[in-house]
Amino acid sequence: MKKTLLITGGAGFIGSHVVRLFVNKYPDYKIVNLDALTYAGNLENLKDIENAPNYVFEKADITDGPHINSIFEKYNFDGVIHLAAESHVDRSIEDPNAFIQTNVMGTANLLNAARALWKNNMDGKRFYHVSTDEVYGSLGEEGFFLETTPYDPQSPYSASKAASDHLVRAYGNTYHLPFVITNCSNNYGPNHFPEKLVPLFINNIKNNKPLPVYGDGKYTRDWLYVKDHARAIDMVFHDGRNGETYNIGGFNEWQNIELVKLLCKEMDVRLGRELGTSEQLIAYIKDRPGHDRRYAIDANKLNKELGWYPSVTFEEGLRLTIDWYMANEDWLNHVTSGDYKKYYEKQYKM
Ligand code: NAD
Ligand code: TYD
């Protein structure tokens, strides 16, 4: 094997797309997927590659420092792509501690393990930290997040991600740990856990359930198809400059309510319903506390340096996503039973 890479959080939404891309594209890399399989981790996401000769799964919790150290010693990793995290803002409002433990302490454990393993030779090594645009805070109607935008996180989730970004940079500065960070906008696509806007609403439209739009619905996000994020991670991991940050975004801003209306239209077509039927499910509900008004990413650095640009348009990506959810009812049924359901009832009281 040419390289042994650790991918954390590989059983989750984005991680599973990254693992699949690397396992298929780089048969001469050994890919170790480390995941604690929390409510958001699902090995069903990786059924198609689970028997690949260059793929290994390790069930481990990144908050368990000694276990993480032993896994680093066992595999002697050349690189780390770190995606494991608690990722849902609403859950972070409900219970910030899990976010502080996993996103901050867990990242520190990985940094310590990498530092210990690579202390005598850092050549060719790389710690890639996957982060979010939410660390920059909230924008007004104008402007974009640049890599130089000061951090101003507003939720326990984004604060924990910001803390982990700072730790990665501090280890780079203090211990010369080779690193790269990307801050990406909202992803959507197959395998997305149905607590986030797009998959939740697809599922609810399908089942004729209310579509809970927070506040006035005029909050704005920049949406990127998950496979384009995975492509960007591949490019940055291999060709990004050491110690740099790259923003990743879809060049694709939508107000929530406009996105929901588009989704309703596409679902009406897909379900053979009269146009306008699904829109009637829209229900404005109490706002999320401290809700960030607008995120918008300027991803031109990544475009100029590495030539990355989203390959899938939003309309195409939404259609692919809807098709996937309609064709994968079993996946949806499995994740909507159990813990997710209890959480859902508590969150929405529906
Ligand atoms: P996800 O919640 O779908 O998956 C997270 C994965 O991490 C799950 O498989 C879970 O089991 C695992 N995990 C959680 N805690 C763990 C722990 N303590 N130890 C080991 N594994 C653990 O998240 P996602 O949406 O795929 O996000 C992946 C990464 O990308 C996160 O770091 C997130 O901050 C970042 N990100 C997400 C988005 C987005 O729109 N989803 C956008 C930008 C950045
Ligand atoms: P989400 O998918 O939770 O991503 P994030 O909060 O990380 O951007 O939410 C996207 C947007 O949709 C956000 O403005 C909150 C809003 N939203 C709703 O209006 N209703 C919902 O039920 C959910 C989950 C989100």
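Order of appearance sets the numbers: ligands from 1, and atoms from 1 within every ligand. Quick caveat, the model's predicted, so the values are computed rather than measured.
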Residue pair Y246 / E305, side-chain donor-acceptor N/O under 3.5 Å:
yes
Pair H166 and Y151, ring centroids less than 6.0 Å apart
yes
When you look at Y219 and Y214, which way does the ring-ring contact (aromatic ring centres under 6.0 Å, His included) test go after all the steps?
CA-CA 9 Å; Y219 293 84; Y214 296 158; 8.4 Å; no
Atom indices of ligand 1 within 4.0 angstrom of N186 heavy atoms, with elements
40 (O)
Check this for me - ligand 1, L34, N or O atoms closer than 3.5 angstrom, yes or no?
no
Heavy-atom contacts with A60 under 4.0 Å: which atoms of ligand 1 show up? List them by number with element.
19 (N), 20 (C)
Check: W118 ring centroid to F127 ring centroid under 6.0 Å:
no
Report, in ascending order of atom number, the atoms of ligand 2 lying under 4.0 Å from any heavy atom of H88.
3 (O)
Pick out which of Y225, W324, Y325 makes a ring-ring contact (aromatic ring centres under 6.0 Å, His included) with Y188.
Y225
Which of the atoms in ligand 2, numbered in the order shown and given with their element, are less than 4.0 Å from a heavy-atom of H291?
13 (C), 14 (O), 15 (C)
Which bit of L200 gets closer than 4.0 Å to ligand 2, counting heavy atoms only: side chain, backbone, both or neither?
side chain
Would you tell me which option among S131, A98, A36 has the nearest heavy-atom contact to atom 21 (N) of ligand 1?
A36
Electrostatic pair D216-R293, nearest N-O below 4.0 angstrom
yes
Checking side-chain contact (heavy atoms from CB on, under 4.5 Å) for the pair I297/I248: CA distance, chi angles, key distance, verdict?
CA-CA 7 Å; I297 274 276; I248 306 173; 5.9 Å; no
Give a yes/no verdict on a cation-pi contact between R91 and Y39, requiring under 6.0 Å between NZ or CZ and the six-membered ring centre and an angle within 45° of the axis.
yes
Looking only at protein heavy atoms, what sits closest to atom 37 (C) of ligand 1 is I14 CD1, 3.4 Å
Which bit of T8 gets closer than 4.0 Å to ligand 1, counting heavy atoms only: side chain, backbone, both or neither?
neither
Can you tell me which residue and heavy atom of the protein come closest to atom 42 (C) of ligand 1, and the distance to 0.1 Å?
S185 O, 3.3 Å
Enumerate the atoms of ligand 2 whose separation from the nearest heavy atom of N256 is less than 4.0 angstrom.
11 (C), 12 (O), 13 (C), 14 (O), 16 (C)
Relative to the heavy atoms of V213, which atoms of ligand 2 are at a distance of less than 4.0 Å?
19 (O)
Any link between L110 and V19 through a network of hydrophobic side chains (Ile, Leu, Val, Met, Phe, Trp, Tyr) touching at under 4.5 Å?
no
cation_pi(R221, Y295) dist<6.0 Å, angle<=45
yes
May I have the step-by-step check of side-chain hydrogen bond (donor to acceptor under 3.5 Å, both in side chains) for E244 and N242, ending in yes or no?
CA-CA 6 Å; E244 289 289 321; N242 191 33; over 6 Å; no
Among S87, A40, A85, whose heavy atom sits nearest atom 14 (C) of ligand 1?
A85
Show me which atoms of ligand 2 lie under 4.0 Å from any heavy atom of V89.
6 (O), 7 (O)
Taking distance alone, with no angle check, do D35 and ligand 1 share an N/O pair under 3.5 Å?
yes
Between E279 and K261, is the closest basic N to carboxylate O distance under 4.0 Å?
no
Under 3.5 Å: N/O of A84 near N/O of ligand 1:
no
In the protein, what heavy atom is nearest to atom 3 (O) of ligand 1, and what distance, to one decimal place, separates them?
F13 N, 3.0 Å
Would you say N186 and ligand 2 have an N/O pair spaced under 3.5 Å apart?
yes
Of the listed options (L197, D222, D90, V260), which comes nearest to atom 2 (O) of ligand 2 when hydrogens are ignored and any heavy atom counts?
L197
What is the nearest protein non-hydrogen atom to atom 31 (C) of ligand 1, stated with its residue, atom name and distance?
L83 O, 3.2 Å
Do any nitrogen or oxygen atoms of W223 come within less than 3.5 Å of a nitrogen or oxygen of ligand 2?
no
For the residue pair Y26 and Y29, categorise the inter-ring angle as parallel (less than 30°), tilted (30 to 60°) or perpendicular (more than 60°).
parallel
Where ligand 1 meets L37 - atom numbers and elements under 4.0 angstrom, heavy-atom basis
11 (O)
Does ligand 1 come near enough to Y157 that some N or O of the ligand is less than 3.5 Å from an N or O of the residue?
yes
N/O of N187 under 3.5 Å from N/O of ligand 1, yes or no?
yes
Taking only heavy atoms of P212, which atoms of ligand 2 are found under 4.0 Å from at least one of them?
18 (C), 19 (O), 20 (N), 21 (C), 22 (O)
K161 and ligand 1 - part of the residue with a heavy-atom distance under 4.0 Å:
side chain
Determine, considering heavy atoms only, which of E195, R288, R221 sits nearest to atom 3 (O) of ligand 2.
R288
Which label fits Y171 and Y175: parallel for a plane angle under 30°, tilted from 30 to 60°, or perpendicular past 60°?
perpendicular
Considering only NZ, NE, NH1 and NH2 on the basic side and carboxylate oxygens on the acidic side, decide whether K265 and E315 come within less than 4.0 Å.
no
Atoms of ligand 2 close to Y219 [distance to a heavy atom under 4.0 angstrom, numbered from 1]
14 (O)
Verify, without hydrogens or angle tests, whether H238 (side chain) and D234 (backbone) share a donor-acceptor contact under 3.5 angstrom.
yes
With a cut-off of 4.0 Å, which atoms of ligand 1 are near a heavy atom of C184?
42 (C), 43 (C)
Quick one: which ligand 1 atoms are inside 4.0 Å of a heavy atom on V130?
30 (O), 32 (O)
Out of Y188, F193, W254, Y214, whose heavy atom is nearest to atom 23 (C) of ligand 2?
Y214
Around atom 10 (C) of ligand 1, find the nearest protein heavy atom and jot down its residue, atom name and distance.
T38 OG1, 3.3 Å
May I ask you to check whether D61 has an N/O atom sitting below 3.5 Å from an N/O atom of ligand 1?
yes
Within the side chain of R294, is there an N or O that forms a donor-acceptor pair under 3.5 Å with the backbone of G143?
yes
Any N/O of T102 closer than 3.5 Å to an N/O of ligand 1?
yes
Taking the six-membered ring for Trp, are the ring centroids of F77 and F72 within less than 6.0 Å of each other?
yes
Atom 4 (O) of ligand 1 has as its nearest protein heavy atom G12 CA, 3.5 Å
Is there a donor-acceptor contact under 3.5 Å from the side chain of D228 to the main chain of S311?
yes
I'd like to know if D323 and R270 make a salt bridge, using a cut-off of under 4.0 Å between side-chain N and carboxylate O.
yes
Looking only at the side chains, is there a donor atom on one of N103 and S164 sitting less than 3.5 Å from an acceptor on the other?
no
Atoms of ligand 2 close to E134 [distance to a heavy atom under 4.0 angstrom, numbered from 1]:
5 (P), 7 (O), 8 (O)
Taking only non-hydrogen atoms of G10, do any sit less than 4.0 angstrom from ligand 1?
no
Give the residue, atom name and distance (to 0.1 Å) of the protein heavy atom nearest atom 19 (N) of ligand 1.
I62 N, 2.9 Å
